[in-house]
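To find a chain, count down the sequence lines: A is the first, B the second, and so on, and within it residues start at 1.
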Number of protein chains: 2
Amino acid sequence: MAHLRNPPRVVGDAPSGPPRMSDVARLAGVSKMTVSRVLAGHSVALATRERVQQAIDELGYVADAAAGALSSGRSEFVAVLVPSLASSNFSDTVRGLSARLEPHGLQLLLGDTDYDLAREERLVRSMLRYQPRCIALTGSQHTDGTRRLLERSRIPVVEMWDMPARPIDMAVGFSNVRAAREMVRYLKDRGYRKIGFLGGASDLDRRGLERLKGYQQEIRAQGLGEPRVIRLGQSPITMSHGAPALDALLAQWPDTDAVMCVSDMSAFGAIMQCHRRGIRVPHDMAVAGFGNFELAACCQPPITTVSVDAYGIGSRTGELLLAATMAADLPLKPEHRKVAIDHAVVARESA
Amino acid sequence: MAHLRNPPRVVGDAPSGPPRMSDVARLAGVSKMTVSRVLAGHSVALATRERVQQAIDELGYVADAAAGALSSGRSEFVAVLVPSLASSNFSDTVRGLSARLEPHGLQLLLGDTDYDLAREERLVRSMLRYQPRCIALTGSQHTDGTRRLLERSRIPVVEMWDMPARPIDMAVGFSNVRAAREMVRYLKDRGYRKIGFLGGASDLDRRGLERLKGYQQEIRAQGLGEPRVIRLGQSPITMSHGAPALDALLAQWPDTDAVMCVSDMSAFGAIMQCHRRGIRVPHDMAVAGFGNFELAACCQPPITTVSVDAYGIGSRTGELLLAATMAADLPLKPEHRKVAIDHAVVARESA
DNA sequence: TTGAAAGCGCTACCAA
DNA sequence: TTGGTAGCGCTTTCAA
């Protein structure tokens, strides 16, 4: 009788904690195993099943998932890391992921890296403690520590929102460089020649940097002179970024006739600042965004932008993860490890 | 030797799965308990601690949280349900919660109810399986099933974003009715007399309904004639709601001189529609929002709105939950079970 | 179709 | 300061 953590229950005592599987079993007059089978949907005689279900309902029994995971050796967690939950972009991706994974009873473990790679590593380490079946990260830049943790964990990994040459494991995204180049070409086709770029000052927003790189490459390729780049403000780029960035651009290059922004947020801020300064959009100044947020469609003038299927990134990631966790033995062919997501310039009135 | 789930490891075999605490113990030449103590930060001789730490690093050992939770009888999960992760309002609340809870090693289990009470119940049931230490819900309306589940679970519960007369357990929020009434008074003080209201058509957005109720009460109390209410569109109310709602309002009551919107999103949509129709804001039509999103400050004209401390709701909720989980034995006094969050009309240019 | 026993990986408890 | 043992609540495995 030594070493008992909880005092033995005296017969007739009210059960102390929440009901356990053995309580259900006793009430239904069956063994624990039968209860377990009913819960798992395995074959059990109809009459037995009904008695067990009744006992479950009567006691309000909820099975302990931690115990189940420990015993069966597989958890139902999927770890997901995004730079920011507030961004509609990433929250759409999360919605796409849930939509795919929830029907399989998988539980998302969500984390918000705040565009901070060290924080990402801390979160990965902390989430790995729950033995997730797989993990989805944003971007393809990670600390060495993060990579090491992931490699050692040997679980399927998807990197989202980018298209790295050599992903850790799998990737679902698109080339931000190419998308930005397409926007420059679009602006050039519309007749703009003095095109500026408004981006963030932080090197942590890799996707923003890629867009900047694409802008610079295409400006050079098209012979549109020296790039006109303003880098201002921290990630994530917010609406309030647009106004001061536009002012800085016009202060340095007053003859600019179009501006391409790292996101719809800053494009919106820039357009509102144009309203304030009496600059007509697009007549005096064209403004283009990136992301095709709802904001871009509702703004006056509606914002020309690059639409990206954020929800699709989530749901395709979910599919890859499902395939990888369900059939872990069948390694995917390399060409199936990278999923390219569509993107396109959406022409509206602002540019 | 029967009933062994995994075949016994032959001496010299490479360990099959990830390293376990016993692997670390063996490598460091100590018992599992000592490893456990090092991880928990309990007192261990410095030299021993260092050897153990070295073994942990060498193996890349990550402790299994499910096993720990099962053994110790307490998990590190906190369940959190919000209507929508995409809304900056609720994602701010989540940030406030994380900021308070993460330092204590607590892991958020986030769920998105999509403004659907049945879905809320499903999520609560599913999260309860992980034996969370406590749970935070949004709003004070829940299904009977949800209430029953929560009562039976006997864990601390906080209802956020509302101020119910009788909370399930604890509440952190404010009265949406009172806040809306203050906005009507503000508009009246500014000289507006024909004030309309733009809200959603769904009865699921309780906070939106409360704001409508506050509007109606105060319009009557101030003798401002019959309420002018347009209810259009599903929850959550988005930017695209504003334009058609404004059109409907003006079609029915062309002489309206001010409009109060259920959220900054629809206020923004309404203002953009005013731009399109050549209606000057606030000269021809005042527009007020609710929530004080970044959008409201960046819009041209900047939007007069009700600011609510969304982040504060999260961090105060975190404090309550910490107090309740850490000192579960000390029941809070009833007057400490309800935390009122400040809100205030922010006067800007739009009204 | 059902049951009994063992054990998943960890921590509480007591002993040394 | 450290170690041994029992057991958390469940599922796997095999037997009936």
Side-chain angles (χ1 to χ4, degrees), chain A residues 1-9 15-26 28-52 55-56 59 61-76 105 128-131, chain B residues 1-9 15-26 28-52 55-56 59 61-76 105 128-131:
Chain A
M1 211 71 274
H3 305 114
L4 279 187
R5 209 160 309 194
N6 300 313
R9 252 187 231 166
S16 47
R20 299 308 179 194
M21 192 177 270
S22 51
D23 299 317
V24 176
R26 198 175 320 119
V30 296
S31 75
K32 280 196 310 179
M33 263 325 295
T34 303
V35 178
S36 175
R37 287 192 184 103
V38 169
L39 262 64
H42 293 162
S43 73
V44 168
L46 189 61
T48 317
R49 168 177 303 266
E50 279 171 353
R51 275 216 319 288
V52 171
I56 288 174
L59 295 175
Y61 171 67
V62 179
D64 183 326
L70 179 61
S71 180
S72 66
R74 73 194 119 70
S75 83
E76 291 166 342
L128 249 21
R129 299 184 345 107
Y130 297 97
Q131 318 272 68
Chain B
M1 211 71 272
H3 306 115
L4 280 188
R5 208 161 308 194
N6 299 312
R9 253 187 230 166
S16 48
R20 299 308 180 195
M21 192 178 271
S22 52
D23 298 317
V24 176
R26 199 176 320 117
V30 297
S31 75
K32 280 197 309 179
M33 264 324 296
T34 303
V35 178
S36 174
R37 287 190 186 106
V38 169
L39 261 62
H42 293 163
S43 72
V44 168
L46 189 61
T48 316
R49 170 177 301 269
E50 278 170 355
R51 276 215 319 288
V52 170
I56 289 174
L59 294 174
Y61 171 67
V62 179
D64 182 326
L70 180 60
S71 180
S72 66
R74 73 194 119 71
S75 83
E76 291 166 341
L128 248 22
R129 298 184 344 106
Y130 297 97
Q131 317 272 74

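- Residues A:Ser36 and A:Met21 form a side-chain contact, since some pair of their non-hydrogen atoms from C-beta on lies under 4.5 Å apart.
- Contact between the side-chain N/O atoms of A:Thr34 and the OP1/OP2 oxygens of C:dT2 is not found at any separation under 4.0 Å.
- Residue A:Ser31 has no polar side-chain atom (N or O) positioned under 4.0 Å from OP1 or OP2 of C:dT2.
- Expressed to the nearest 0.5 Å, how far CZ of B:Arg49 lies from CG of B:Leu39 amounts to 9.5 Å.
- For the OP1/OP2 pair of D:dT11 and a distance below 4.0 Å, the side-chain nitrogens and oxygens of A:Ser72 include no atom meeting the criterion.
- When the side-chain nitrogen and oxygen atoms of A:Tyr61 are compared with OP1 and OP2 of D:dC10, one or more of them lie within a distance under 4.0 Å.
- Looking at residues two or more places apart in sequence or on another chain, you find a side chain to side chain donor-acceptor pair (under 3.5 Å) between B:Glu76 and A:Arg129, A:Tyr130.
- For C:dC10, neither phosphate oxygen OP1 nor OP2 lies less than 4.0 angstrom from any side-chain nitrogen or oxygen of B:Arg74.
- Across all strands, B:Gly68 comes closer than 4.0 Å only to sugar-phosphate atoms, never to a base (heavy-atom distances).
- Within the 4.5 Å cutoff, side-chain heavy atoms of A:Val35 are placed close to those of A:Val30.
- Where A:Val62 and B:Lys32 meet DNA chain D, the nucleotide closest to each residue was compared, and B:Lys32 sits on the side nearer the 5' end.
- Comparing A:Ala40 and B:Gly29 along DNA chain D, the residue whose closest nucleotide (by nearest heavy atom) sits nearer the 5' end is B:Gly29.
- Note on B:Ala63: only backbone sugar-phosphate atoms sit closer than 4.0 angstrom, heavy atoms only; bases stay farther off.
- Rotation axes derived from the C1' atoms of the five outermost pairs at either end of the helix from C:dT1-D:dA16 to C:dA16-D:dT1 lie 30° apart, to the nearest 10°.
- By the 4.0 Å N-to-carboxylate-O rule, A:Arg26 lies close enough to A:Asp23 to be salt-bridged with it.
- Partners of A:Ala66 according to the side chain to side chain contact (heavy atoms under 4.5 Å, CB included) rule, which considers only residues two or more places apart in sequence or in another chain, are A:Asp64, B:Ala66.
- If you check residues 43-50 of chain A against DNA chain C, the residues with a heavy atom closer than 4.0 Å are A:Ser43, A:Val44, A:Ala45, A:Thr48, listed by number.
- Counting distance only, with no hydrogens placed and no angle test, the side-chain atoms of A:Ser22 and the base atoms of D:dG9 include no donor-acceptor pair under 3.5 Å.
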